[in-house]
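Working notes for the structure below.
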Amino acid sequence: MESLNNSFRKLPQYPNKVIQFGEGNFLRAFIDWQIHQMNKQGLFKGGVQIVQPLPTGRVKELDKQDDLYTVLLEGILDGKKIQSHEIIESINGTVNPYTEYDKYIKLAEDDNIEVIFSNTTEAGIEFVPEDTLDAIKNGEKSSYPAKLTALLYHRFELGKKGFHIIPCELINHNGDALKKAILQYADLWNLGQDFVDWINNDNEFYSTLVDRIVPGYPRDRATDLEKEWGYKDQNMVKTEPFLIFVVEGNKDIEKVLPLKEAGINLVVTDDMQPYRNRKVSILNGPHTTMSPIGRLAGLETVGQVMDDKDFYKFIDDEMHKEIIPVVPLPKDELESYAKGIQERFENPYVKHQLSALALNSISKYAARLLPNYKRYYDKFGKLPKRMTLALAAYLWIYNGKSEFDINDTADITAGFKKIQGDDNYIHEALSNDAFWGEDLTKIPGLEELVTKYYNEIAEKGTRAIVQEINAEE
């Protein structure tokens, strides 16, 4: 059986129009998949040059298959089960800037290239004062913004137009953060005011919200899939059919990237915060709740939570009784979005581990649940029981009372280790503003209800508490 190669291509190999920093599963199942959809309809007619952002990566593996790979769509969308696969042909080539700097910097010379995408992880957009232009040219490890600044400076020196720069890293205001880092390098490297003016006036920076669950390489089924498809593919990637791409900035991007015309769920807006609040509240919030209480009840995946009648009702009630009533967006829009989220939670093709959701739980609780927790109290004058049980469950786990390891940042882990086993553990944990960004004991009744649930976890477990809360309302 042969591996994927250019003989499988059906579309013309269009000119380069996109530089993409990152070759991971997400970008290939999100951005490159979207570009392929546009190209199939003759709307974009452009290809992607991938830049490997780290010294190690997958560009060699992609090149072995002539930069072709398969996207496997599996899931539920609008009540229908979807299972399909497609060879993605949008990538023209790859560049490793650590070993091919000359090839990398020449990308700035291509007048056809208009757009830069990136997904270099949340830690990728950072300013590192030690980075220098000479170090980048010599192939030394450097930050993504530093490498991008070098590329942009070469473009500027040639007197060419700027780019539409669209980061997809999962940080708020990612476009602003990237531009800030670039301007810091411009200052550090003394690149001059003219270059700064060119960055500000000739380039468009967009902030984004990206949403698509991408489990990645289907290791357990890859061999069977290859037999079914008739070719080998070491770079296949599995994803759900749902997708939303929210872009904040100049609406001219809709002309540059005719995604809407291709049927892609693109939203271009002046303010992406409502969309971010919606996602964080209704998708990430219930994830953050189900992780500790589900694990303590012996459940392992999101799908198991949704298949369990007790936990399904609990999470459904949290969405509709505790979260939606306090999110400052139209209720009908939130209800519709919640229905779609539940379909995604119930996706029978994705085994989303609750343990994976437990990473950095304390900061996730503070960002995803606490704002709505306080809104609920302010609006109704009482505490949201489901979010409170989740908080008690986290404190139980972080006090070393369960079999689960604490998988959090070094400072959070060290902070909890200092108070584990203390007689005043709950008070000390809740009052530590380094954990939550504020003293939670100042919320009337919170410490008492957390303590009640904490003790009940020891006495009867989370399932019994879930059943009692379900029966109350």
Side-chain angles (χ1 to χ4, degrees), residues 284-299 305 308-323 325-326 354-355 357-358 361-404 406 408 412 415-416 419-432 435-436 438-473:
N284 300 124
H287 267 169
T288 304
T289 293
M290 68 175 70
S291 176
I293 63 171
R295 294 175 80 201
L296 289 174
L299 303 178
V305 169
D308 186 293
K309 64 177 184 179
D310 293 330
F311 282 84
Y312 177 90
K313 175 174 171 53
F314 186 87
I315 294 299
D316 186 68
D317 284 346
E318 181 187 47
M319 280 185 173
H320 292 93
K321 295 181 178 180
E322 293 185 354
I323 296 175
V326 299
L354 296 178
S355 58
L357 299 174
S361 296
I362 300 304
S363 62
K364 285 179 177 177
Y365 191 97
R368 299 173 174 184
L369 288 175
L370 190 55
N372 288 323
Y373 193 109
K374 294 189 293 184
R375 290 189 191 107
Y376 185 94
Y377 179 81
D378 291 342
K379 182 173 182 176
F380 297 109
K382 58 182 180 179
L383 300 171
K385 294 179 179 179
R386 296 162 190 85
M387 288 188 256
T388 307
L389 176 58
L391 181 54
Y394 279 123
L395 293 191
W396 178 265
I397 292 170
Y398 276 63
N399 199 16
K401 297 290 188 180
S402 75
E403 63 194 67
F404 309 123
I406 297 174
D408 217 312
I412 294 293
F416 271 95
I419 60 175
Q420 280 181 349
D422 195 289
D423 290 341
N424 294 318
Y425 166 75
I426 292 176
H427 178 81
E428 292 181 16
L430 294 175
S431 61
N432 191 332
F435 294 161
W436 321 103
E438 60 185 280
D439 180 353
L440 296 188
T441 63
K442 293 182 178 179
I443 299 176
L446 181 147
E447 184 175 352
E448 290 79 4
L449 187 57
V450 168
T451 302
K452 174 180 180 294
Y453 287 149
Y454 182 95
N455 292 333
E456 289 179 352
I457 290 172
E459 296 166 6
K460 51 193 176 187
T462 55
R463 179 176 294 277
I465 307 170
V466 163
Q467 291 171 337
E468 290 173 2
I469 293 174
N470 286 346
E472 289 173 6
E473 301 178 31

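Source: prediction; values computed, not measured. These values consider heavy atoms only, across backbone and side chains, with no hydrogens, waters or symmetry-generated copies.
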- Message: Any heavy-atom pair between the side chains of L369 and P384 that's under 4.5 Å?
- Response: no
- Message: Under a 4.0 Å threshold between the charged nitrogen and the carboxylate oxygen, would E322 count as salt-bridged to K385?
- Response: no
- Message: Looking at N284, is its backbone amide N or carbonyl O close enough to the side chain of K364 to form a donor-acceptor pair, meaning the two atoms are under 3.5 Å apart?
- Response: no
- Message: Let me confirm one number: the CG-CG distance from L354 to L299, rounded to the nearest 0.5 Å.
- Response: 7.0 Å
- Are F416 and F435 near enough that their ring centres are under 6.0 Å apart? yes
- Message: Distance check, rounded to the nearest 0.5 Å: I469 atom CD1 versus K313 atom NZ?
- Response: 11.0 Å
- Pairing residues for Y454 by the ring pair (Phe, Tyr, Trp, His ring centres under 6.0 Å) criterion, not counting sequence neighbours: W396
- Query: Which atoms form the tightest heavy-atom contact between V305 and F311, and what is the distance?
  - Reply: O-CB, 3.7 Å
- Message: Can you tell me how far apart OH (Y394) and CD1 (I406) are? Round to the nearest 0.5 Å.
- Response: 12.5 Å
- Item | Residues that Y373 engages under ring pair (Phe, Tyr, Trp, His ring centres under 6.0 Å), provided they are two or more places apart | none
- Task: Could you list the residues that satisfy salt bridge (Lys or Arg N to Asp or Glu O under 4.0 Å) with R463, not counting sequence neighbours?
- Result: D308, D310
- Message: Give me the atom names and distance for the closest heavy-atom approach of A429 to W436.
- Response: O-NE1, 2.8 Å
- Return the minimal non-hydrogen interatomic distance between Y425 and I419, and the atom names on each side. CD1-O, 3.4 Å
- Going from CD1 on I293 to CD1 on I465, what distance comes out if it is rounded to the nearest 0.5 angstrom? 9.0 Å
- What residues form a side-chain hydrogen bond (donor to acceptor under 3.5 Å, both in side chains) with E438, not counting sequence neighbours? K374
- Provide the closest heavy-atom pair for V326 versus F380 in the form atom of the first, atom of the second, distance. CG1-CE1, 4.0 Å
- Message: I'd like to know whether Y377 forms a side-chain contact (heavy atoms from CB on, under 4.5 Å) with L383, so could you lay out the CA-CA distance, the side-chain angles of the two residues, the decisive distance to 0.1 Å, and finally the verdict.
- Response: CA-CA 5 Å; Y377 179 81; L383 300 171; 3.8 Å; yes
- Determine the minimum heavy-atom distance between A393 and L296, stating which atoms define it. CB-CD1, 3.9 Å
- Task: May I ask you to test the L430-L395 pair for a side-chain heavy-atom distance under 4.5 Å?
- Result: yes
- Item | D378: partners by side chain to side chain contact (heavy atoms under 4.5 Å, CB included), with sequence neighbours left out | none
- Heavy atoms, side chains only, cut-off 4.5 Å: are L440 and L391 in contact? yes
- Would you sort out whether T441 and L446 count as a side-chain contact (heavy atoms from CB on, under 4.5 Å), showing the intermediate values? CA-CA 6 Å; T441 63; L446 181 147; 6.0 Å; no
- Task: Identify the heavy atoms of N372 and R368 that sit nearest to each other, and give their distance.
- Result: ND2-O, 4.2 Å
- Which salt bridge (Lys or Arg N to Asp or Glu O under 4.0 Å) pairs, counting each pair once, include a residue from residues 441-450, with sequence neighbours left out? none
- Task: Using side-chain hydrogen bond (donor to acceptor under 3.5 Å, both in side chains) as the criterion, list what pairs up with D408, not counting sequence neighbours.
- Result: Y398
- Message: According to side chain to side chain contact (heavy atoms under 4.5 Å, CB included), who are the partners of E459, at least two apart in sequence or on a separate chain?
- Response: N455, E456
- Note on the structure: In this structure, CG of D317 is separated from NZ of K321 (nearest 0.5 Å) by 4.0 Å
- Query: Sequence neighbours excluded, which residues qualify as side-chain hydrogen bond (donor to acceptor under 3.5 Å, both in side chains) partners of S361?
  - Reply: none
- Task: Just jot down the ring pair (Phe, Tyr, Trp, His ring centres under 6.0 Å) partners of F314, sequence neighbours excluded, or say none.
- Result: none
- Message: Distance check, rounded to the nearest 0.5 Å: M290 atom CE versus L357 atom CG?
- Response: 7.5 Å
- Output every pair passing side-chain hydrogen bond (donor to acceptor under 3.5 Å, both in side chains) with a member in residues 285-295, not counting sequence neighbours, ordered by first then second residue. T289-E318
